[in-house]
Structures are given as structure tokens and as C-alpha cells.
2 protein chains.
Amino acid sequence: MERVPLTSAAVVAAAAGLADEAGFEAVTLSAVARRLKVQAPSLYSHVKDREALLDGVAALALADLSQRIATAIAGRAGRDALDGFATAHREFAREAPGRWQSLQRRAGDTVVRSDAARRIVVLNKAVLRGYPIPEDQHVHAVRLLGATINGYLALERIGGFDHSHPSPDVSWRKTVQALDVLLTAWPADPGDPS
Amino acid sequence: MERVPLTSAAVVAAAAGLADEAGFEAVTLSAVARRLKVQAPSLYSHVKDREALLDGVAALALADLSQRIATAIAGRAGRDALDGFATAHREFAREAPGRWQSLQRRAGDTVVRSDAARRIVVLNKAVLRGYPIPEDQHVHAVRLLGATINGYLALERIGGFDHSHPSPDVSWRKTVQALDVLLTAWPADPGDPS
DNA sequence: ACTCCCAACCTATACCCATTAGGCATCTAC
DNA sequence: GTAGATGCCTAATGGGTATAGGTTGGGAGT
């Protein structure tokens with residue numbers, strides 16, 4: 001069995017794969033080392049510590065997500081773009097649950113300053129492009145979008161919808177519809193007649 | 001220093017206190033044992049395992065949250081009730097961050113079947129009472145409410161809003177306003193003219 | 001009062017984890 | 001050839017979870 005030399009990228013990729021298969025909390029240096037058939041201390045040649053490893057997974061995740069979103073909203077505007085955006089998020093959470101979960105923690109500096117993070121910001125604004133939202137309201141709209149979508153996926157993941165009917169798919173469609181309604185008629189600030 | 005006899009409730013309360021002070025992830029049997037000045041194995045007389053301990057914290061949290069919500073929406077309807085509801089959530093997340101976090105994981109059976117969980121369901125429906133939402137849409141509205149509010153608090157907690165302006169307080173008010181707009185004019189199903 | 005049983009604490013242990021320190025082998029540059 | 005850097009290893013430390021077995025004190029029964 002030929003052993004491939006380790007690299008930082010290979011270590012992070014192994015961690016990401018493990019996250020998706022066994023859950024984010026199962027990503028330990030020990031588990032990743034076993035997966036790569038080395039001893040755990042050997043990983044410190046490639047990652048600073050466990051925190052840095054998890055940040056590496058998060059950076060991978062963000063890159064993947066931003067790519068999915070870019071593809072999903074390309075050439076689309078308004079409700080179509082919103083649908084694509086929301087669907088990209090949900091499919092990412094489904095297909096790469098461990099990577100999705102890596103994004104639910106406070107991001108380290110390397111993640112915050114990554115190209116993928118910047119791309120996500122751009123894509124968030126792009127979704128709003130087809131809606132009549134004042135520029136000064138964009139940050140609120142982006143935050144509301146992110147909160148609602150991510151919040152929905154988080155509750156779904158922990159079984160928050162398991163104890164009521166109908167299936168989360170139905171409520172998801174209604175949720176995206178509601179977001180479209182909101183973005184289409186963004187509420188004015190109280191006391192602002194426009 | 002007189003040592004008070006341990007009880008299951010005391011162990012869970014100590015864990016909850018530790019969660020709020022040091023973070024949910026800091027709640028280990030070892031740390032709780034130190035807090036109570038006993039050895040970790042002694043806790044097994046009172047809790048089955050770590051998972052059960054964490055479920056105990058979640059049950060405490062849910063009871064606290066449901067009480068806060070009940071107080072905040074009592075005698076209120078429509079937008080007032082929604083404001084109280086949302087504020088109760090956010091203040092809970094602020095004042096008891098570790099307990100809040102205990103609710104972000106899949107709940108064990110004891111939590112799902114608790115009185116507090118049932119109370120939360122009732123209170124969720126009570127918030128909708130002042131809004132013209134068809135009965136068959138209540139589950140969607142409750143899920144959207146929970147997703148948006150919880151999602152907002154989660155993103156806020158992990159610093160998701162730290163890299164943009166203005167302060168999350170402003171976006172929070174807009175978010176609650178948006179929820180009110182939605183609940184006031186709940187979007188009809190596509191193809192449903194009413 | 002005495003005895004027995006049970007509950008609640010303890011220590012010891014096994015196994016897991018993260019991380020550091022030091023060793024060894026290989027490769028590269030001088 | 002030699003020295004230094006790199007990348008792996010083992011050993012060790014200190015933290016965690018959970019089980020097994022021991023001790024002590026309290027309560028109940030005779």
C-alpha cells in the first residue's frame with residue numbers, strides 16, 4: 001500500500017469527508033489521522049491545531065457553497081434567483097451535512113478573509129438585484145435572508161419539524177415564497193411614508 | 001465547607017450555570033463535578049450519562065424560555081405579541097447563552113415530551129392568534145417564525161453580522177417588522193386566488 | 001440495640017482525545 | 001560529504017467518558 005505524502009489540503013479534505021460521513025463533531029485529529037493511516041501528531045506538520053483544521057473544513061465548505069450558489073443564480077433574477085439561492089443552500093446542507101455544519105460556528109480569520117467569503121457577499125447582493133430594495137436596506141435584507149434560510153435548515157437538521165405535519169418540504173416552499181413576497185414589497189421603516 | 005447532598009436537579013442546575021458562564025461545549029461531567037466538589041464518577045448516581053445531562057440542561061432551558069415567552073405575550077395580540085415573543089427569545093439568548101445553545105441540538109425524548117415543549121407549541125400558536133392566518137397555514141407560519149428568529153440569533157452569536165454595518169439591533173427590528181408584515185398578509189398558496 | 005441493605009460517594013482503571021517534545025530518516029542545498 | 005529542514009514516528013502529559021469495585025452512612029426491619 002503506497003502511502004501518498006500528506007499535504008495540508010489532503011488533511012483538510014480528509015476532515016471534510018469525515019465530517020460529511022460521520023458528522024462534524026466526529027472530526028478529531030485522531031479520526032483524521034486514522035483515515036490517512038498516520039499517527040495523530042503527524043498532522044501537526046500540516047495544520048496548526050484542531051481549530052485550524054476545522055477552519056480549513058469551513059473554508060472548503062464556503063468555497064463549495066459559493067460555487068453552488070453562483071451556478072444556481074446565474075442568469076436568473078428575482079424569484080428565480082431566490083429559488084436557486086435557497087435551493088443551493090438546502091441541497092448543500094443535504095449533500096454535505098458535515099461541511100454545512102462547519103459553517104455554523106464562529107469563523108476564524110482565514111475563513112472570514114477568504115475569497116469564498118467575499119464571493120458569498122457578492123452573491124448575496126446579486127440575489128437582491130432583481131428586487132426593488134433600497135440600497136441602504138440591502139444589509140437588512142441579506143441578514144434576513146441568511147437568518148431565515150439557515151435557521152430553517154438548522155431546525156430541520158435537529159428534528160425541530162419532526163413532531164408536526166406536514167413535511168418540511170412544504171413549509172420550505174412557503175418560506176421561500178414568503179421571502180419573495182417580502183423582497184418584492186420590502187417594508188418601509190416605521191414613520192417613513194414611502 | 002458543608003457539602004450539600006447531590007440531587008439530579010442540582011447536577012443539571014450546575015451544568016446549566018456552567019453552560020451560561022463558560023459555554024455549552026464546556027459542560028463536561030468532569031467540569032460539573034469540579035463545580036460541585038465531587039469526583040466525576042459520582043455524578044452517575046444522578047444522571048445516566050453526559051447526553052442525559054445535556055438533555056437536562058435543555059429541559060431547563062425550554063422551561064425558562066417558555067416562561068419568558070408566556071410573560072412577554074400575556075395580554076398582547078398581533079404585533080405586540082410578536083414583539084414580545086421575539087424579544088423574549090433574544091433576551092434569553094443573551095442572558096442565558098449556554099442554555100440557549102443547549103436548544104440548538106437534537107432534543108432527546110425527555111425534552112420532546114416535556115411540559116415545557118408542549119407549552120412552547122401552545123405559545124407559538126398564541127402569537128398567531130392576532131393574525132389572519134388560515135388554520136391550515138399555522139404550522140408553516142410557526143416554522144417560519146422559529147426559523148427566522150432562531151436563525152437570526154444563531155448568526156448573531158457566531159459573528160455572522162460582525163463584518164457588516166449597521167448593528168444587528170437595527171436589522172433585528174427590521175426582521176421583526178418583516179415577520180409582522182408577513183403574518184398580517186400571509187401569502188396565499190400559488191394558484192390559490194384568495 | 002443490632003443487622004442488613006441500599007444509595008451515594010470514593011478510587012482505580014481502560015480507553016479516548018489534543019498537544020508537546022524529542023528522535024529518526026530522508027531529501028535538498030551548499 | 002555535510003548540515004539543515006522536513007515529515008514522519010514514539011513517548012509523554014493532561015484532559016475527557018464511563019465502568020467496576022470498595023467504603024461509609026443512613027434507614028428500615030427485627
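As the structure is a computational prediction, the values presented were derived from the model and not from experiment. In what follows, every chain begins at residue 1, and chains take the letters A, B, ... in the order their sequences are listed. Atom set for the values below is all heavy atoms of this structure, side chains included, hydrogens, waters and symmetry mates excluded.
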Is a salt bridge present between D80(B) and R129(B), judged by a nitrogen-to-oxygen distance below 4.0 Å?
no

Rounded off to whole Å, could you give me the CG-to-P distance for the L36(B) and dC10(C) pair?
11 Å

Please report, rounded to the nearest Å, how far the P atom of dG7(D) is from the CG atom of L6(A).
9 Å

Would you say a side-chain N or O of H46(B) is under 4.0 Å from OP1 or OP2 of dA7(C)?
no

Rounded to the nearest angstrom, tell me the gap between atom CG in L43(A) and atom P in dT20(C).
13 Å

Under 6.0 Å from the ring centre and within 45 degrees of the ring axis: does the NZ or CZ of R143(B) meet both conditions for the six-membered ring of F161(A)?
yes

Nucleic acid contacts of residues 9-26 of chain B, taken as heavy-atom distances under 4.0 Å to DNA chain D:
none

Check the pair R90(A) / E95(A) against salt bridge (Lys or Arg N to Asp or Glu O under 4.0 Å), numbers first and verdict last.
CA-CA 9 Å; R90(A) 195 154 178 245; E95(A) 289 162 24; over 6 Å; no

Main-chain N/O of L145(B) paired with T148(B) side-chain donor or acceptor, under 3.5 Å:
no

Does a sphere of radius 6.0 Å around NZ in K125(B) hold more than 12 heavy atoms from other residues, nucleotides or ligands, not counting ones at 6.0 Å or beyond?
yes

Go through the steps for R106(A) and E51(A) under the test salt bridge (Lys or Arg N to Asp or Glu O under 4.0 Å), then give the verdict.
CA-CA 11 Å; R106(A) 185 176 290 273; E51(A) 191 71 21; over 6 Å; no

Presence of salt bridge, D169(A) and R173(A), under 4.0 angstrom
no

What N/O pairs connect the protein and nucleotides 12-19 of chain C at under 3.5 Å? Give each pair on its own line.
unit_1: dC17(C); atom_1: OP1; unit_2: R34(A); atom_2: NH2; d: 3.1
unit_1: dC17(C); atom_1: OP2; unit_2: R34(A); atom_2: NH1; d: 3.2
unit_1: dA18(C); atom_1: OP1; unit_2: L29(A); atom_2: N; d: 2.8
unit_1: dA18(C); atom_1: OP2; unit_2: L29(A); atom_2: N; d: 3.3
unit_1: dA18(C); atom_1: OP2; unit_2: S30(A); atom_2: N; d: 2.9
unit_1: dA18(C); atom_1: OP2; unit_2: S30(A); atom_2: OG; d: 2.6
unit_1: dT19(C); atom_1: OP2; unit_2: Y44(A); atom_2: OH; d: 2.9
unit_1: dT19(C); atom_1: OP2; unit_2: R50(A); atom_2: N; d: 2.9
unit_1: dT19(C); atom_1: O5'; unit_2: Y44(A); atom_2: OH; d: 3.2

Ring centres under 6.0 angstrom apart (Y131(A), W186(A))
no

